[in-house]
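Following: one structure in structure tokens, then a few remarks.
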Amino acid sequence: MLRKVLCAFACCAVLSPVFALSGTKASDAVKQKIVVEPVEGLSDDFMKGVDISMVDQIEKSGGKFYNARGEEEDIFQILKDNGVNYVRIRLWNNPTYESDQYDKDGKLVAKKGEKMGGGDNTIETDLRIAKRIKAAGLKFMLDFHYSDFWADPGKQYMPQDWKNLSAKELENEVEKFTRETINRFVKEGAAPDSVQIGNELNSGFMWPIGQLWSNDPSVQIGGMKQFTKLLDRASKGVRSAQGGKDIKIIVHLANGGDQGLYKWIFDDVKKAKIDYDIIGLSFYTYWHGSMDDLKANLEMISKRYGKQMAVVETAYAFTEDDGDSQGNVFQVYSDENHGYVPSVQGQATAIRDIIATVASVKGGCGVFYWEADSILAKGAELSATEGNTWENQAMFAFDGKALPSLAVWNLVSGKGEVQNAWGGEAKNGSNFVPYATADKIEVTIKPGETPVLPKTVKLIFSNDSEKVVDVKWDSYDWKNAKVGKIKVTGSVAGYDYKPEATVDVSNRVNLIADPSFESGKLGAWKLNGPGAACFLENNKGNAHTGKWTYKYWLGSGFKSVLSQTLTGIENGTYELSVWSMGGGGENNIRLFAADYDGTAKQVTSKIVNTGWNQWKQYKIKVPVTNGTATIGIYLDTAPDCWGNFDDIEFIKVD
């Protein structure tokens, strides 16, 4: 990430990162040729897992899966042939609506008692899936959510059938439910090999009795003491079940790179002497940090708690394409030093690197890919009232064809090379070389100035990973450079690839400090409004250039002003501009300039957003007569409005 602030009347070198490649087109995904480096010393019993909790509902909705030969085949056999040895399935208590559901226009979309969707992971559904897992010779992880629907750090709702229980009654019910559920699976020949007692427990579970914290002082929560009591009884439920002593018990948190979180919870879990075997982590690079963050946390866990560790949820996109026009949650991961292209190769490399990171730490025992099966099938969405926001992170194409990246589970062990029926392939290899620059380097200077070019560049290598390397730029006679754009070539030690920078020699100089928000901090920008609604977002997919934008969203309406004041500037006419995109529906958005002539006058331009990635530039002329100007963006939004702003310029034109 570029950290640079511009000042008026200084040498104005502006690095303007722009994503160089857009990754794989969904229509070409199965045709890709990928290379995966084996993970040295990977044990045969390392858990190479996938979560395919949606599979029963997908197939009932007409979804089909195809192997590399182009033949329709049972998904469990396809997974096994590609090196998967473990399958994880979530379990909900009673996934039905407690009341009628309406959309924003008041239309009834689901009735009380109807299934919520998302896989309909009742005991009966999971038994069907578990029997197929066992029949395929794979191991089985059962993930108790102890909720009727999705449980994660932001929501851990009490099952509707348990809402009126006291704390003591709930403890008894949790142990009984856990034990009886496992016994049911054992009785039907589908005993779980491991069990998660809760899912992403950052904030506890079974709110409010098992809730760890709350921003609402009116809510009476159980806190850590009650949380550990419930966790202990869940563990006892596993151990008292048939074969329970041989089942691996997993306690699972999200934010896999956050050492403070894991110390806070697992120190108390240790004090409570809870019986468990594995610490489970969710680690999505675009949400949870770098591989270095993951490794540091794993090493801390290993030394502090002496437990085995598995990343039980991860994923990465094979394309940025949206298959169902519902939008997707994926964000391109690209930090200061590393990143991955959203491609079939990038997906395989990201999985391979997470496996290598987990396996490199004492006690690291497995990696699970979340919803590898998430293909498009009408009627098999994440809920009955919303679409699929995950199809571009499946390990199958939108139409169910196995992607070359699915072979990564074999390839990390140095076997299982694939050539598929559509011309794609997956094989082992190493010694990857750069083929592109991850961020275009564009520098603006005044005539006679010497540009400050970066000493390092981030390159994209042939395994679609990104890495920062040192660069030496060719010399140029900048004192005599004419107005215009000049290409400069650099050299990188050890590689033939030569990165390029574009130097724009111009009399038009942008006076805005951090105009593209690439510092990741407000800095010279002043926000008057709710920080929860107006913030800087690190997401290449939502940026006009670079990675960062000024983002707004809130479930309720709000008003805010983001502004920056420039002083000591030359009088004259300036052009103020901004790029904007968003969902639309706001009451009022305006680009404005004030304080430019010693009066209360303002010049403004109304901004109208019309959709995701429909970027439009808005401009206004500002007649500065007193050497100062305040520029900014005014927002007056309705509930659930969202948008992004980028690349703000304030340039003297006369």
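Just so you know, residue 1 is the first one in the sequence shown, and it goes up from there.
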Hey, can you tell me if [X] and [Y] have their rings parallel, tilted or perpendicular (30° and 60° cut-offs)?
X: Phe149; Y: Trp92; value: tilted
X: Tyr340; Y: Tyr316; value: perpendicular
X: Tyr284; Y: Trp390; value: perpendicular

So do [Y] and [X] actually touch side chain to side chain, heavy atoms under 4.5 Å?
X: Ile441; Y: Trp473; answer: yes
X: Glu188; Y: Lys131; answer: yes
X: Val50; Y: Leu79; answer: yes
X: Leu281; Y: Tyr262; answer: yes
X: Asn388; Y: Ser374; answer: yes
X: Ile197; Y: Ile250; answer: no
X: Asp470; Y: Thr456; answer: yes
X: Ile351; Y: Gln347; answer: yes

Pair [X] + [Y]: basic N to acidic O under 4.0 Å:
X: Asp51; Y: Arg88; value: yes
X: Glu200; Y: Lys155; value: no
X: Lys540; Y: Asp439; value: yes
X: Lys427; Y: Glu417; value: no
X: Asp193; Y: Lys134; value: yes
X: Arg128; Y: Asp56; value: yes

*For the pair Asn392 (side chain) and Glu320 (backbone), establish whether a donor and an acceptor sit closer than 3.5 Å, ignoring hydrogens and angles.*
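Between the backbone of Glu320 and the side chain of Asn392 there is no qualifying donor-acceptor contact (under 3.5 Å).
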*Going through the checks in order, is the side chain to side chain contact (heavy atoms under 4.5 Å, CB included) test met by Phe46 and Val367?*
CA-CA 8 Å; Phe46 190 87; Val367 171; 4.0 Å; yes
Assess the side chains of [X] and [Y]: does a donor N or O sit below 3.5 Å from an acceptor N or O?
X: Thr122; Y: Thr125; result: yes
X: Asn199; Y: Asp152; result: no
X: Ser61; Y: Gln57; result: no
X: Asn644; Y: Trp579; result: no
X: Asn410; Y: Asn82; result: no
X: Ser302; Y: Glu299; result: no
X: Thr502; Y: Lys487; result: yes
X: Glu73; Y: Asn67; result: yes
X: His288; Y: Ser282; result: no
X: Asp647; Y: Ser516; result: yes
X: Asn463; Y: Ser465; result: yes
X: Asp28; Y: Gln32; result: no
X: Ser334; Y: Tyr286; result: no

_With salt bridge (charged side-chain N to carboxylate O under 4.0 Å, His left out) as the criterion, how do Arg90 and Glu371 come out once you've worked through the C-alpha distance, each side chain's angles and the decisive distance to 0.1 Å?_
CA-CA 11 Å; Arg90 61 181 165 267; Glu371 287 297 358; 3.0 Å; yes
*Which heavy-atom pair separates Ile278 from Cys365 by the least distance, and what is that distance?*
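Looks like CD1-SG, 4.1 Å.
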_Identified side chain to side chain contact (heavy atoms under 4.5 Å, CB included) partner of Lys547 from the options Asp335, Asn539, Val332, Asn538_ =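 That would be Asn538.
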*Could you go step by step and tell me if Trp615 and Asp646 meet the side chain to side chain contact (heavy atoms under 4.5 Å, CB included) rule?*
CA-CA 10 Å; Trp615 287 98; Asp646 206 356; 4.0 Å; yes
More than 12 heavy atoms of other residues, nucleotides or ligands under 6.0 Å from [atom1] of [X]: is that the case?
X: Lys307; atom1: NZ; result: yes
X: Lys139; atom1: NZ; result: no
X: Glu40; atom1: CD; result: no
X: Gln419; atom1: CD; result: no

*Please check if the distance between the ring centroids of Tyr86 and Phe368 is under 6.0 Å.*
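Aromatic pair counts; centres sit under 6.0 Å.
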*Is the ring centre of Tyr495 less than 6.0 Å from the ring centre of Phe461?*
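Distance test on ring centres: under 6.0 Å, yes.
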Nearest-0.5 Å distance that lies between atom [atom1] in [X] and atom [atom2] in [Y]:
X: Glu537; Y: Phe517; atom1: CD; atom2: CZ; result: 12.5 Å
X: Lys64; Y: Ile58; atom1: NZ; atom2: CD1; result: 13.0 Å
X: Gln196; Y: His252; atom1: CD; atom2: NE2; result: 5.5 Å
X: Ser462; Y: Phe432; atom1: OG; atom2: CZ; result: 6.0 Å
X: Leu382; Y: Gln326; atom1: CG; atom2: CD; result: 9.5 Å
X: Ile129; Y: Leu142; atom1: CD1; atom2: CG; result: 10.5 Å

*For side chain to side chain contact (heavy atoms under 4.5 Å, CB included), just list the numbers for Val341 and Thr349, CA-CA rounded to whole Å, side-chain angles, deciding distance to a tenth of an Å, and then say yes or no.*
CA-CA 9 Å; Val341 176; Thr349 302; over 6 Å; no
*Checking side chain to side chain contact (heavy atoms under 4.5 Å, CB included) for the pair Val55/Ile75: CA distance, chi angles, key distance, verdict?*
CA-CA 9 Å; Val55 67; Ile75 186 175; 3.8 Å; yes
_Let's go through Asn542 and Trp612 carefully: what are the C-alpha distance in whole Å and the side-chain angles of both, what is the deciding distance for side-chain hydrogen bond (donor to acceptor under 3.5 Å, both in side chains) to 0.1 Å, and is it a yes or a no?_
CA-CA 8 Å; Asn542 283 347; Trp612 180 69; 2.8 Å; yes
*Passes salt bridge (charged side-chain N to carboxylate O under 4.0 Å, His left out), Glu59 versus Arg132? Steps please.*
CA-CA 13 Å; Glu59 291 177 343; Arg132 295 175 65 187; 2.7 Å; yes
